[in-house]
Chemist: 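Below are the structure tokens for one structure; questions will follow.
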Amino acid sequence: MREKTFKQNHLLGIEHLSVADIETILETAEAFIEVSTREVKKVPALKGKTVVNLFFENSTRTRSSFEIAAKRLSADLINFNSSVSSLKKGETLKDTVLTLEAMNPHIIVIRHSASGSPHYLTTFARSSIINAGDGFHEHPTQALLDALTIQQRLKTLRKLKIAIVGDILHSRVARSNIILHQKMGNEISLVGPPSLVPLEFEKMGASVYYDIRRGVKGADVIMMLRVQEERGAKNYFPSIREYRNLFAINRDIFSLAKKSAILMHPGPINRDVEIETFMADSRQSVILEQVTNGIAVRMAVLYLLKGEIHETLN
Amino acid sequence: MEEKIKAKIMDEKKMKRTFLRLGMEILERNREAENMVLIGIQTKGVFVARRIEQLIKELENIDLPLGILDITMFRDDLHMHEKQPAVKKTQIDFSIEDRDIILIDDVVFTGRTIRAAMDSIFELGRPASVQLTAFIDRGHREMPICPDFKGKYLPTSRRERVKVMLKEIDGQDQVLIMEPTRF
């Protein structure tokens, strides 16, 4: 039997994972998918462990996905809501985390608008830290659930052409996905207006296109990104209408990809901005499968983050 | 841990006869054979279960549903490990409600795996009965668990390991007792 090890104490980004780590997470996630199809959606694997959801940015889907994942593994979960917390009263991030740690949690899931904040936590925290999105930096569980979805639909994670379309500059989802597919040896093309897709990204090993038709041609996977108005994305192009005309995915453009191609979106989608309604609801769209797989991937990460894996029993 | 072969307990012929007897015993005890479902415990138990499934098909010409059970998430020692054991797939695509479950593993030892398997099964429904089949019973039970059907009782020392090998995965059919080279 194959010996597997997962030696990470934290999940800060895809950057720190080896290909073997990624494969271990995905295999574990596949095993956890079944739990969510049971009548009793609960297993005792993390009984007695405490998980803290520490979200400093608004998030419904990622936070509830982690919450469901923790609960299906029988962990106890505390949701820490930054808008009603002492941070508003002037407490520093470090003091907040130290206070939470005094309650002896095992895992802290953090989302913060400052890139690198999860790394900062590891310099003093005793718990395992999971990055649920830090600034413009990384969102590793999103890239992992995307990878699981691709693997399910296309039966492989290798030798693929991945096109990512939209606001690459502000997207931690894009960055994590670029790093992951770089590690898997896949071909990556990035598409968007020059203001949102700086040529810098070519240094990460991706090709940059300003013409969506060229960028998605022959792609196995097309990932659309949301126009993030809250990050001021609108200041980077003249109008939503122009953006839609140039960079939205519709039937016509999707037909340039491979026949077997799938359409992904990390959500929330803006219908008829970056994605045509018909395409969002089409058979090629895996947007809802991504959400379902998110729970399994997060269960796997929560489960694995206690150190190494070894083969078992008898 | 390095280990070497201490003894070869069974060869292909012996195993074949033992499987046949196990199949016959299971059928003898379960008059309503159609109510049975087979569940193999990951990983070796699944292969033993497939053999029994095949046998019952040959003997009675019935296709029994076969499920795969991974008990990792129900282990009682998860909090003790520094390393998390690998989780494998569970796949039981049929209802176990009111069925007679033949729970199958290659070796029964402390009984803790079976305890975990039963907890896991009862999350899925309420079977009419659970009957345990172990190809080898090597003693040293720590739980009040006793196989209903056993291929062979094999007294062993705790530091030894019983290795049930099957053609499908190990290339040949045999049962070995392994012992550590250093201890």
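We name chains A, B, ... by the order of the sequence lines, and we start the count at 1 in each one.
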Chemist: Is the count of non-hydrogen atoms from other residues, nucleotides or ligands lying under 6.0 Å from B/K150 atom NZ greater than 12?
Modeler: yes
Chemist: Around B/R126, counting heavy atoms of other residues, nucleotides and ligands shown, do more than 12 lie under 6.0 Å from its CZ?
Modeler: no
Chemist: Does a side-chain heavy-atom distance below 4.5 Å link B/Q84 with A/L305?
Modeler: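 Answer no - side chains too far apart.
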Chemist: Do you know which two heavy atoms are closest between B/E123 and A/K42, and how far apart they sit?
Modeler: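 It is OE1-O, 3.5 Å.
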Chemist: Could you check whether atom NZ of A/K41 has more than 12 heavy atoms from other residues, nucleotides or ligands sitting under 6.0 Å from it?
Modeler: yes
Chemist: Enter the distance from B/D93:CG to A/T37:OG1 here, rounded to the nearest 0.5 Å.
Modeler: 8.5 Å
Chemist: Give, for atom CD of A/E34 and atom CG of B/L124, the distance between the pair rounded to the nearest 0.5 Å.
Modeler: 7.0 Å
Chemist: Atom CD of residue position B/E58 - does it have more than 12 heavy atoms of other residues, nucleotides or ligands inside 6.0 Å?
Modeler: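 It does: B/E58 CD has more than 12 such atoms within range.
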Chemist: With heavy-atom distances below 4.5 Å as the criterion, would you say the side chains of B/M73 and A/L46 are in contact?
Modeler: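 Side chain of B/M73 against side chain of A/L46, heavy atoms only: no contact under 4.5 Å found.
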Chemist: Taking side chain as C-beta onward, heavy atoms only, is A/E30 less than 4.5 Å from B/K89?
Modeler: yes
Chemist: Considering only residues two or more places apart or on different chains, which pairs with a residue in residues 9-31 of chain A satisfy ring pair (Phe, Tyr, Trp, His ring centres under 6.0 Å)?
Modeler: A/H16-A/H119
Chemist: Sort and list the pairs that fulfil side-chain hydrogen bond (donor to acceptor under 3.5 Å, both in side chains) and have at least one residue in residues 283-298 of chain A, not counting sequence neighbours.
Modeler: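 Listed once each, the pairs are A/S65-A/R298, A/T141-A/R298, A/D146-A/Q290, A/T149-A/N293, A/Q152-A/N293, A/R153-A/E289, A/S282-A/Q284.
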Chemist: Using heavy-atom distances under 4.5 Å, tell me whether A/E39 contacts chain B through its side chain, its backbone, both, or neither.
Modeler: neither
Chemist: Below 4.5 Å, heavy atoms only, C-beta onward: do A/Y303 and B/L78 meet side chain to side chain?
Modeler: yes
Chemist: Does atom CG (A/L288) have a neighbourhood of more than 12 heavy atoms from anything else shown, all under 6.0 Å?
Modeler: no
Chemist: What heavy-atom pair brings B/K88 and A/A31 nearest, and what distance separates the two atoms?
Modeler: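 For B/K88 versus A/A31, the nearest heavy atoms are O-CB, 3.3 Å.
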